[in-house]
Student: 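Here you go, one structure.
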Amino acid sequence: MLARLRKPTVSFVVGGALLFVVVQLLLSLGVLNNFWRGIIYWGAALTMVSLGLNLIYGFNGQFSLGQYGFYAIGAYAAADVTWRWTHDDASGIIVVVFGVLLALLLYAVLSRILRGFYRVTVMSKFTFYVIVTVLAFWLTVQFLVPVLSPVVTGLLGALPAAISQQVVFFIALAGGAALAGITSFLFGIPVLELGSDYFGIATLGFTIIVKVLLDNTDTILPFAEMKGARGMIGIPQWTTWPWIFASLMLVILVMRNLLHSSTGRAMASVREDERAAELVGIDVAQAKILAFVVGSIFAGLAGGIRAHDLAFLHPGSFAYIQSFNPLIIVVLGGLGSMTGTLITGFLWILLLEGFLRLYLPQGFETWRFVVYPMVLLLMMLLRPEGLMGRHEVAFLRQKLPAMLKKPLKESGDRGADAPAADMATGVGEVTA
Amino acid sequence: MTQGRPDNLAAEVEAQPVVLEVDAVTHFFGNLRAVHDFDLTLRHGELAGLIGPNGAGKTTVFNLITGVYPPSEGSIRFRGVELVGMPSYEIIQMGIARTFQNIRLFSNLTVLDNVRVAYHPHAGYNLVDSILHTPRYRAKEAEMTERAQEFLAIFGLESRQNEEAGSLPYGLQRRLEIARALAARPKLLILDEPAAGMNPQEIDELLELIRFIRDRFDLTVLLVEHQMRLVMNVCEWMTVMDFGEVLTRWLPSQVRTNLQVVEAYLGRQAV
């Protein structure tokens with residue numbers, strides 16, 4: 001059994017375990033103070049958002065500026081669930097669990113129905129999905145919340161407080177990620193039909209809309225506890241290193257496994273040439289939506305993690321200018337390289353928010369927006385493919401299949417193929 | 001004249017089942033009538049050509065068949081199934097494959113992955129298998145890889161499986177594109193100017209390749225081409241079109257007797 005494991009897998013697991021233990025020790029022993037703990041957690045959250053963007057942009061070729069919007073949705077949704085729970089209100093939990101499940105169920109039904117019809121325009125498709133989503137959450141809020149509230153409170157109350165807290169936190173994180181995913185799915189249906197540049201502009205618009213809505217959570221939206229532009233306070237500080245580590249590993253593993261599968265190849269083919277992908281039988285719209293939703297789920301998860309570390313959320317931290325952060329990280333690290341994103345994601349926060357903030361005089365923050373574009377500019381001039389290009393460390397790299405060794409099954413092939421085989425070399429020489 | 005084909009074809013050809021039936025198709029781009037009342041019927045195993053000067057609407061016909069855009073009027077049936085309105089990828093999954101006038105490979109993917117992408121609709125495992133790398137994923141992935149490798153071997157590309165497709169020389173890229181199109185075992189192959197940019201020697205090799213794949217894969221082939229040499233040598237009959245309309249349908253022997261017509265329509269260099 002052990003022999004089947006690849007060497008990179010072993011080194012990844014061992015290295016990951018070591019990293020986990022070392023950081024946990026440093027934190028427990030107080031070598032890393034609260035400032036540096038915050039930097040590490042922040043770096044991890046931003047890296048998760050950036051990995052999501054790399055999946056969308058680097059591997060699927062769709063230029064998204066909307067990832068901070070999904071980050072914000074994940075953060076606020078998860079924060080709201082735990083805030084409500086700590087204020088003896090289980091409605092958040094019920095909405096994110098049952099609302100999402102109901103929505104997914106209705107999506108499955110709807111997609112089955114829609115599959116029977118050709119020439120359903122994207123706008124009608126979009127409208128149907130929005131109606132179904134609204135229906136699912138309305139039903140949940142209207143009918144399930146009153147019925148299930150005492151049940152959920154009772155069940156979780158029966159657990160020891162420490163455990164029920166972890167359970168609620170898990171639900172909050174998963175719920176935030178799921179809501180980010182659902183939003184990206186709905187938004188992606190019409191918008192992913194646009195070409196890449198137009199898609200970028202539309203997603204930028206999305207980030208701005210989210211920011212404006214967050215500014216008005218207590219007026220336009222019915223969430224008084226989010227306190228609009230004044231910022232949401234009272235979020236329990238539940239994020240710990242094990243949670244950070246587990247989320248980041250989850251993101252890395254899901255993304256890696258997805259990319260190393262046939263689905264990943266389909267996504268890459270869409271990046272390479274959409275028309276050609278469609279004409280080898282790839283459902284291009286589906287491949288794009290899938291990458292977009294998975295990438296946005298990563299962003300939503302990161303948001304939940306970040307919210308429960310900061311314990312304070314302000315719409316200003318999700319402004320569109322911030323949404324360039326993941327983009328810069330992905331481009332600097334290398335489009336299409338997970339390794340590059342992991343390195344630059346952490347370095348970016350470590351340098352800009354860590355070292356520079358500590359060792360540069362006050363007021364440096366205002367200069368960051370001069371530094372960002374300068375760094376980008378220099379990178380484009382000096383190393384346009386990014387730090388890592390498309391290179392990956394061994395564990396994240398897809399093993400190239402060994403050459404075919406055994407003789408062909410149909411032995412007649414080689415004989416009959418003589419012209420084809422000869423041509424391989426002949427053509428090469430002529431055109432090279 | 002039989003609808004959509006010459007009427008002097010051999011009886012055993014006419015006995016084959018119909019594969020593709022393009023019936024009175026008309027297509028407008030805005031006010032421009034790109035294709036008008038176009039008929040074409042292909043029977044199993046045929047190697048038919050579509051010729052005409054630039055702008056005659058040949059590529060438009062291909063795009064209509066493969067669902068790149070739906071025709072303004074008319075119907076297209078593939079083995080009895082109406083294609084009009086179907087999205088491209090479903091038409092391809094039904095068993096039509098095509099290549100492009102300008103080669104469109106996935107240049108940054110390896111040669112092997114270019115072929116494996118074509119197996120995606122039949123991968124045999126789902127998203128959950130992909131994310132968890134279940135035993136089913138492993139089994140199907142290994143099977144897919146082996147199939148793709150054997151397939152590349154048929155085209156003499158197996159030794160270059162791990163190279164980036166974009167780094168192959170032109171002739172091999174064309175060959176890989178044909179291999180990719182055939183990977184999912186289509187019933188009908190549509191080649192859009194496969195000889196574009198090729199020198200005479202490469203064209204000879206292409207000729208052999210086309211005949212070879214037709215026999216090897218039990219295909220029906222439809223070919224658009226400017227190079228009369230290729231068309232004359234490989235096609236059993238051809239449809240001549242201009243200004244979006246069918247002018248006539250010829251057997252190669254008839255082309256020889258109509259050389260002047262060919263010159264007039266296709267230009268002197270065509271012959």
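Just so you know, these numbers come straight off a predicted model, no measurement behind them. Every chain is numbered from 1, with letters handed out A, B, ... down the list of sequences.
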Student: Tell me, for T99(B) versus chain A, whether the close heavy atoms (under 4.5 Å) come from the side chain, the backbone, both or neither.
Tutor: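 Neither; nothing under 4.5 Å.
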
Student: In the structure I gave you, are the side-chain heavy atoms of Y89(B) and I282(A) within less than 4.5 Å of one another anywhere?
Tutor: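 A side-chain contact is absent here, since even the closest heavy-atom pair is not under 4.5 Å.
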
Student: Run R390(A) and E164(B) through salt bridge (Lys or Arg N to Asp or Glu O under 4.0 Å) and show every step you take.
Tutor: CA-CA 13 Å; R390(A) 283 181 196 275; E164(B) 279 191 3; 5.7 Å; no

Student: Would you say M403(A) and Q149(B) make side-chain contact, with heavy atoms under 4.5 Å?
Tutor: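 No, their side chains stay 4.5 Å or more apart.
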
Student: Is it the side chain or the backbone of I96(B) that comes within 4.5 Å of chain A heavy atoms, both, or neither?
Tutor: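 Neither part, no heavy atoms under 4.5 Å.
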
Student: Tell me, for M144(B) versus chain A, whether the close heavy atoms (under 4.5 Å) come from the side chain, the backbone, both or neither.
Tutor: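 The answer is the side chain of M144(B).
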
Student: Would you call I91(B) and L279(A) a side-chain contact if the rule is heavy atoms closer than 4.5 Å?
Tutor: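 Not touching, per the 4.5 Å side-chain cut-off.
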
Student: Go through the atoms of L112(B) and report whether side chain, backbone, both or neither lie under 4.5 Å from a heavy atom of chain A.
Tutor: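 Side chain of L112(B) only, per the 4.5 Å heavy-atom cut-off to chain A.
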
Student: Is any side-chain heavy atom of S261(A) closer than 4.5 Å to a side-chain heavy atom of Y137(B)?
Tutor: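 SC-SC contact between S261(A) and Y137(B) confirmed.
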
Student: Does any backbone or side-chain atom of E90(B) lie under 4.5 Å from a heavy atom of chain A? Answer side chain, backbone, both or neither.
Tutor: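 Contact with chain A is through the side chain of E90(B) alone.
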
Student: Quick one: does P401(A)'s side chain get under 4.5 Å of R116(B)'s, heavy atoms only?
Tutor: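 The answer is yes, as the side chains (C-beta and beyond) meet within the 4.5 Å cut-off.
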
Student: Is the closest basic N to carboxylate O distance between E274(A) and R104(B) below 4.0 Å?
Tutor: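 Judged by the 4.0 Å cut-off on N to carboxylate O distance, E274(A) and R104(B) do not form a salt bridge.
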
Student: Does any backbone or side-chain atom of S88(B) lie under 4.5 Å from a heavy atom of chain A? Answer side chain, backbone, both or neither.
Tutor: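 For S88(B), backbone and side chain are both near chain A.
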
Student: Measure across E278(A) and I92(B) and return the closest heavy-atom pair with its distance rounded to 0.1 Å.
Tutor: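 Heavy-atom minimum between the residues: O-CG1, 3.8 Å.
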
